[in-house]
Amino acid sequence: MAFWLFKTEPNEYSIDNLAQEKRGYGVWDGIRNYQARNFLRDDVAKGDLVFIYHSACKPTAIVGIAKVVRAAYADPVQFQADSHYFDPKSTEQNPRWFCVDVAYQSRFSSPVTLSEIKREPILESMALLKQARLSVSPVTEQEWEAILRLSVQQNG
DNA sequence: GCCAACGTTGGC
DNA sequence: GCCAACGTTGGC
């Protein structure tokens, strides 16, 4: 079982949108970066836990936890000509982009903000800080636990 | 809205 | 395969 961080812009798709999915899970689609794609396709596994990070908002922060309920499969929107995520170079036989399904698990009563993450020495080598633009990134067990501690501190 | 830091594209 | 031009992400 591994840990991940997925970024999303809350005005596009927030953790609340995920929590309100009627079918009980959300499709994490629209990833159009090769490094993120490779993590999704090759390493993200069913049962893995995911921090949901809200970007391009105030404040940017880890807001809660989701669980991977289906491993990578071809992202359907790459084949939809009217979609923003349509890719004419991708074929059903040889899809370029992948998505996973995630289920909402929990929300931090107080999010762990980027500035708090930057202030915590244990987290200084987090992929989130090293590669600011990567929308799917690995989280070590130590990092996972440190962020959970920060979220608990804030709850008190 | 600005802009730094990337990532992608395409001419050569 | 290089690299300039362009596009995007995302913090501030």
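Naming: A, B, ... by sequence-line order, numbering from 1 per chain.
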Visitor: So, using ring-ring contact (aromatic ring centres under 6.0 Å, His included) as the criterion, who are the partners of A/F98 when residues are at least two apart?
Guide: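 A/F98 satisfies ring-ring contact (aromatic ring centres under 6.0 Å, His included) with no other residue.
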Visitor: Give the residues of residues 85-92 of chain A touching DNA chain C, defined as any heavy atom closer than 4.0 Å, sorted by residue number.
Guide: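 Those residues: none at all.
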Visitor: With sequence neighbours excluded, tell me which residues meet ring-ring contact (aromatic ring centres under 6.0 Å, His included) with A/Y53.
Guide: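 For A/Y53, no residue satisfies ring-ring contact (aromatic ring centres under 6.0 Å, His included) once neighbours in sequence are set aside.
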Visitor: Which letters describe nucleotides 2-12 of chain C, given B = protein heavy atom under 4.0 Å from base, S = only from sugar-phosphate, - = neither?
Guide: -----BBBSSS
Visitor: Pairs in or reaching into residues 136-146 of chain A: which pass side chain to side chain donor-acceptor pair (under 3.5 Å), with residues at least two apart or in two chains?
Guide: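 Output for this query lists A/T140-A/E143.
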Visitor: Would you please name every residue forming a ring-ring contact (aromatic ring centres under 6.0 Å, His included) with A/Y34, sequence neighbours left out?
Guide: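 Testing A/Y34 for ring-ring contact (aromatic ring centres under 6.0 Å, His included), a comparison that skips the adjacent residues, returns A/W97.
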Visitor: Would a 4.5 Å heavy-atom cut-off, applied to side chains only, mark A/Q78 and A/P95 as touching?
Guide: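 Yes, side chains in contact.
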Visitor: Below 4.0 angstrom, N of the basic side chain to O of the carboxylate: do A/R32 and A/D75 qualify?
Guide: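 Yes, this pair counts.
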Visitor: Should A/F6 and A/F39 count as side-chain neighbours, where that means a heavy-atom distance under 4.5 Å?
Guide: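 Heavy-atom side-chain distance check fails, nothing below 4.5 Å.
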